[in-house]
Structures are given as structure tokens and as C-alpha cells.
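What follows is a single structure, written as C-alpha cells, with notes after it.
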Amino acid sequence: MILTIITFIIVFGLLVLVHEYGHYYFAKRAGILVREFSIGMGPKIWWHRKNGTTYTIRILPLGGYVRLAGADEEDEESLRPGTPVAIQLNDQQKVTSINTSDKNTLFQGIPLQLIDHDLNEGLWIKGYVNGDESTVKTYAVDHDATIIENDGTVVQIAPKDVQFRSASLGNRMLTNFAGPFNNFLLSLLVFIILGFTLSGIPTNSNRLGAVRSDSVAAKAGLQTGDRITEINGKKTKNWTALATEISGNPGKKLTVEYQRNGHTYTTTMTPKKVKQGNETVGQVGIVEEQKTDAKSRIMFGWQRFVQAGTLIFSVLGHMFTHGFSLNDLGGPVAIYAGTSQATALGINGVLNFLALLSINLGIVNLLPIPALDGGKLLLNIIEAVIRRPIPEKAEGIVTIIGFAFLMLLMILVTWNDIQRYFIH
């Protein structure tokens with residue numbers, strides 16, 4: 001159980017880290033201020049500021065986020081008129097830090113009862129100093145000033161020129177798409193790594209990779225490198241076809257046509273009866289041809305990536321055409337249950353599970369649902385079509401509605417998962 005929990009935290013954390021780093025990287029390139037990059041949720045247990053970004057690790061190892069300048073209104077919440085704050089000034093008498101928290105006892109600043117402020121364009125703050133309500137003082141605020149939030153987190157203020165909405169439409173679209181894109185890259189990379197962990201990559205060819213000694217096939221004269229082209233008159237162009245014919249005829253005499261060195265030969269053999277579960281199948285002692293070169297291993301990763309993506313799209317399509325069910329979805333509880341099964345299969349099982357989750361997360365995030373990356377991209381596309389920015393208030397309302405819908409859906413999915421996996 002401990003191993004499952006550790007694996008779950010690593011897998012879930014890696015998925016979130018990779019996803020959020022995509023948003024972070026492209027936002028930085030576009031000149032958008034990333035105020036915070038958090039791994040985990042809830043109260044912070046560690047933080048560090050560098051190049052305008054506050055990096056935090058929070059106590060709950062589930063999820064994470066990036067806070068882009070202009071994408072939240074937390075400053076407005078903590079800087080309401082009448083709020084007691086403390087400010088620090090530089091040599092030019094500009095405010096370099098605003099403390100809204102009572103947790104930072106080491107902060108040495110000027111007490112200010114806030115009257116009004118503009119940290120967006122004008123960059124100023126005004127209020128009563130040291131409780132003296134006879135005089136209102138106004139201070140200019142430095143462009144790169146920091147604000148200490150209620151929980152003690154230090155982040156940079158968000159002037160308009162570094163806000164998300166101030167970036168070009170193309171850069172905003174790239175930033176929104178970057179999270180899912182990174183999940184696709186992670187999935188492809190892990191599938192390729194899986195290809196290199198295998199002893200060989202099956203070719204699905206009708207060429208024999210090996211013939212076991214003293215086997216039915218060996219006694220019938222078959223050798224490594226032979227191509228089985230026909231069984232009982234049925235063409236066998238690949239391994240799937242020939243394996244189906246052999247396994248489906250246990251104890252029955254088969255006429256086999258094969259090629260060797262450009263010549264065609266015919267032989268007969270009777271597959272052994274072998275019990276597999278509740279079924280009896282035929283076996284003759286041949287092994288599928290495998291390749292071990294780097295190109296084949298990389299192509300294996302790519303093919304698995306495409307197959308996984310195709311499967312997810314087919315599941316989503318089935319949901320839309322045949323009706324929606326909570327059993328078609330899975331949240332953290334389902335991921336934990338899947339992690340437990342994957343852990344039992346060893347490192348390859350965990351890698352395969354990680355790759356599947358990553359491409360799943362990328363595709364689901366691109367669904368045109370408000371609050372998801374796909375919903376944001378849809379708004380970007382609408383903006384491109386109408387050739388004017390969508391009103392910030394309207395965009396905010398749509399996002400809030402989408403977020404509320406997702407939270408409700410997450411609660412329902414989580415409860416459904418608990419019933420499926422833990423309540424019998």
C-alpha cells in the first residue's frame with residue numbers, strides 16, 4: 001500500500017508538473033508575468049522567489065497551478081478600502097512591498113490604512129499613515145513591487161503590461177495550448193522509453209523469429225527466418241493471422257505453406273492442445289519475429305501513442321453518441337486504483353499507466369469546456385473570428401460557470417469512484 005501511495009504521488013505530481021510547466025514556459029516567452037508556480041494544493045510548506053515568479057510547494061500532493069498576471073483578482077480581495085497594511089519604500093520613496101498578512105512579524109514597514117489603490121495602470125496606493133486620519137498620503141508603487149498575501153506568500157504585483165490579456169492573441173493561444181501539448185510530449189516520450197525496455201519489438205510479420213527445438217514446428221521442418229504464407233488454404237500475411245489459425249485449431253492437422261530462400265515448401269503439423277484459462281488453444285513452438293534497432297523501438301512508442309489517442313477519442317465519441325455515464329469517467333480515486341494495478345505489474349506497468357494518463361489528460365483538457373484549456377482556446381478562436389477582445393467580465397462569468405460545473409462533476413465522479421472501488 002505504501003508503494004502504491006508513493007507511486008500515485010509521483011505519477012500524479014509528474015503529470016501536473018509537466019502540464020503546468022507548459023503554461024509557465026510559453027507565458028514567460030510571451031512576456032506574461034507568472035506570479036506563482038505551485039506544486040500541490042492547500043497551505044504552503046516551502047516557497048522561493050526568482051525572476052519575478054514565486055515557486056511554492058503545498059501540503060496536498062494533488063494537483064498544482066500557475067498564476068498568470070491578470071488571471072486572478074486576489075489583490076483586489078486583499079486590498080479593500082479600510083484594510084490595514086504595511087508598506088516598504090525604496091530610496092526614491094516608491095513602494096517596493098505591500099504586506100497584507102499579519103503572519104510576517106519580521107516585516108518592517110510603514111502602517112497604512114488603505115483608502116484606494118491602482119496596481120494595474122497608475123501604480124499608486126493611498127491611505128492614512130500611522131492612524132493619522134487628518135492627512136491622506138499617496139505613494140507611487142514600483143512596477144516590480146511585491147505583495148505579501150494573507151497566507152504569507154510573497155508574489156509580484158501584476159501591472160497591465162505584463163498581464164495575460166495584454167499579450168498577443170497568438171501568444172495567449174500558445175500559452176493555453178502548451179499544457180496539453182506537454183502532456184502529449186510526456187506520453188510519447190514514456191511510450192518510447194517503454195520500447196527501449198522491451199527485449200524486442202514485435203513486427204507482426206509472418207516471418208518466424210525463432211523455432212523452439214523439439215517443438216511441433218521444428219519436427220515439421222520449419223526454421224527461424226521462414227515465412228508462413230498459408231495455413232489450410234488461408235493466406236497468413238501477418239503474425240496475427242497465422243497465430244489465429246494455429247491457436248484456433250488445437251489437435252487438428254494443418255497444411256502449412258512457407259517460404260525459405262525464395263522457394264515455397266509445404267508441410268503438415270498438428271498443434272498441441274494447451275489449456276489457457278477456460279479455453280484450449282493450439283501451440284506449435286514458434287516465436288514472433290522481433291526487431292531490436294533504435295528506429296523500431298521509437299516507432300513502437302509512436303504507434304502506442306497513436307493507438308492510445310485513438311482509443312480515447314473513440315471513448316469520448318461513444319459518450320456523446322450513446323449517452324453519458326459517470327462510469328465512463330474517473331477522478332483521483334480511479335487513478336489511485338489504476339496506480340495500484342499498475343504498480344503490481346512493475347516499472348513497465350507504471351510507465352504504461354503514466355503514458356496513458358498523460359495523453360488522456362492532454363485530450364480531456366482540450367475539450368471546449370469553460371475553465372479547461374480547450375474552453376479558453378475556444379474563446380481565443382471566437383476573439384479571432386469577431387476580431388475584437390471578448391469583454392473581460394463576460395469571459396470571467398463564463399469561466400466561473402465552467403469552473404462550478406467542473407467542481408460539481410468532480411464531486412460526483414469522486415463519489416462514484418469511491419462506490420465502485422471501495423464500497424461493495
Side-chain angles (χ1 to χ4, degrees), residues 188-311 341-356:
L188 177 59
L189 177 62
V190 174
F191 275 132
I192 290 174
I193 291 173
L194 268 174
F196 280 90
T197 66
L198 301 176
S199 58
I201 306 302
T203 61
N204 197 30
S205 166
N206 60 3
R207 183 190 296 274
L208 305 185
V211 178
R212 296 191 177 97
S213 59
D214 297 325
S215 64
V216 172
K219 292 175 181 177
L222 292 174
Q223 299 177 6
T224 299
D226 291 345
R227 284 187 180 275
I228 296 180
T229 57
E230 193 174 291
I231 297 178
N232 278 359
K234 293 184 179 180
K235 299 294 183 181
T236 52
K237 295 182 179 180
N238 53 46
W239 183 264
T240 302
L242 72 88
T244 299
E245 289 301 317
I246 292 171
S247 63
N249 290 285
K252 297 179 181 179
K253 188 175 182 180
L254 302 177
T255 300
V256 178
E257 184 179 283
Y258 63 96
Q259 292 180 351
R260 180 187 301 163
N261 298 326
H263 299 285
T264 300
Y265 303 92
T266 301
T267 186
T268 60
M269 58 184 179
T270 303
K272 281 186 178 181
K273 296 180 180 180
V274 178
K275 201 74 171 173
Q276 285 188 354
N278 296 324
E279 294 185 5
T280 299
V281 299
Q283 289 186 359
V284 297
I286 56 176
V287 178
E288 184 176 4
E289 182 185 42
Q290 296 184 336
K291 292 185 177 181
T292 58
D293 59 289
K295 180 181 177 181
S296 296
R297 296 181 186 277
I298 292 171
M299 286 305 300
F300 168 84
W302 170 253
Q303 290 165 0
R304 288 292 301 274
F305 175 77
V306 172
Q307 289 167 1
T310 303
L311 176 62
Q341 298 171 359
T343 303
L345 298 175
I347 185 64
N348 279 11
V350 173
L351 288 174
N352 187 66
F353 186 59
L354 171 62
L356 289 173

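We count residues from 1, following the sequence as given.
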Within the 4.5 Å heavy-atom criterion, are Thr255 and Thr266 side-chain neighbours or not?
yes
Given the rule in the ring-ring contact (aromatic ring centres under 6.0 Å, His included) test, do Tyr258 and Tyr265 qualify, once you have shown the distances and angles that lead to the verdict?
CA-CA 5 Å; Tyr258 63 96; Tyr265 303 92; 5.6 Å; yes
Hey, mind stepping through Lys253 and Thr268 against side chain to side chain contact (heavy atoms under 4.5 Å, CB included) and telling me if it holds?
CA-CA 7 Å; Lys253 188 175 182 180; Thr268 60; 3.7 Å; yes
So, taking the atom named CD1 in Ile192 and the one named CG in Leu351, what distance separates them when rounded to the nearest 0.5 Å?
13.0 Å
Looking only at heavy atoms, the pair that brings Ala220 and Met269 closest together is CB-CB, 3.9 Å
Got Ile228 and Leu222 here, is their nearest side-chain heavy-atom distance under 4.5 Å?
yes
Using a 3.5 Å distance criterion without hydrogens, assess whether the side chain of Thr236 forms a donor-acceptor pair with backbone atoms of Ile231.
no
Can you name the closest pair of heavy atoms from Gly200 and Thr292 and give their distance?
CA-CG2, 4.2 Å
List the atom of Thr343, the atom of Val350, and the distance in Å for their closest heavy-atom pair.
CA-CG2, 3.9 Å
Measure the CD-CG distance between Gln223 and Leu208 for me, rounded to the nearest 0.5 Å.
10.0 Å
Shortest non-hydrogen separation from Gly282 to Pro250 and the atoms involved:
N-CB, 3.7 Å
Side chain to side chain, Ile286 and Asp226, heavy atoms closer than 4.5 Å
no
Contact between Asn206 and Trp239 at the side-chain level, heavy atoms closer than 4.5 Å - yes or no?
no
Going by heavy atoms in the side chains, are Leu198 and Phe300 under 4.5 Å from each other?
yes
Return yes when atom CG of Asp214 has more than 12 non-hydrogen atoms of other residues, nucleotides or ligands closer than 6.0 Å, and no otherwise.
no
Taking all heavy atoms of Ser205 and all of Glu288, pick out the closest pair and write down the distance.
N-OE2, 4.4 Å
So which heavy atom on Gly349 is nearest to which on Ala342, and how close?
O-CB, 3.5 Å
Would the distance check show the side chain of Ser247 and the main-chain N or O of Val281 forming a donor-acceptor pair, the cut-off being under 3.5 Å?
no
To the nearest 0.5 Å, what is the distance between OG1 on Thr310 and CD on Gln307?
7.5 Å
Inter-residue atom distance Leu311.CG - Arg304.CZ, 0.5 Å rounding
11.0 Å
Between the side chains of Asn204 and Thr240, does any donor sit under 3.5 Å from an acceptor?
yes
To the nearest 0.5 Å, what is the distance between CG on Leu194 and CZ on Arg297?
11.5 Å
How long is the span from the OG1 atom in Thr229 to the CD atom in Gln259, to the nearest 0.5 Å?
5.0 Å
Within the 3.5 Å criterion, strictly below it, is a donor on Asn348 or Thr197 matched to an acceptor on the partner's side chain?
yes
The side chain to side chain contact (heavy atoms under 4.5 Å, CB included) partner of Gln283 among Ile246, Val216, Val274 is Val274
Show, in sequence, the C-alpha distance, side-chain angles and deciding distance for Arg227 and Glu289, and conclude whether the side chain to side chain contact (heavy atoms under 4.5 Å, CB included) test is met.
CA-CA 10 Å; Arg227 284 187 180 275; Glu289 182 185 42; 5.7 Å; no
Contact between Lys252 and Pro271 at the side-chain level, heavy atoms closer than 4.5 Å - yes or no?
no
Any side-chain heavy-atom pair from Leu254 and Asn249 closer than 4.5 angstrom?
yes
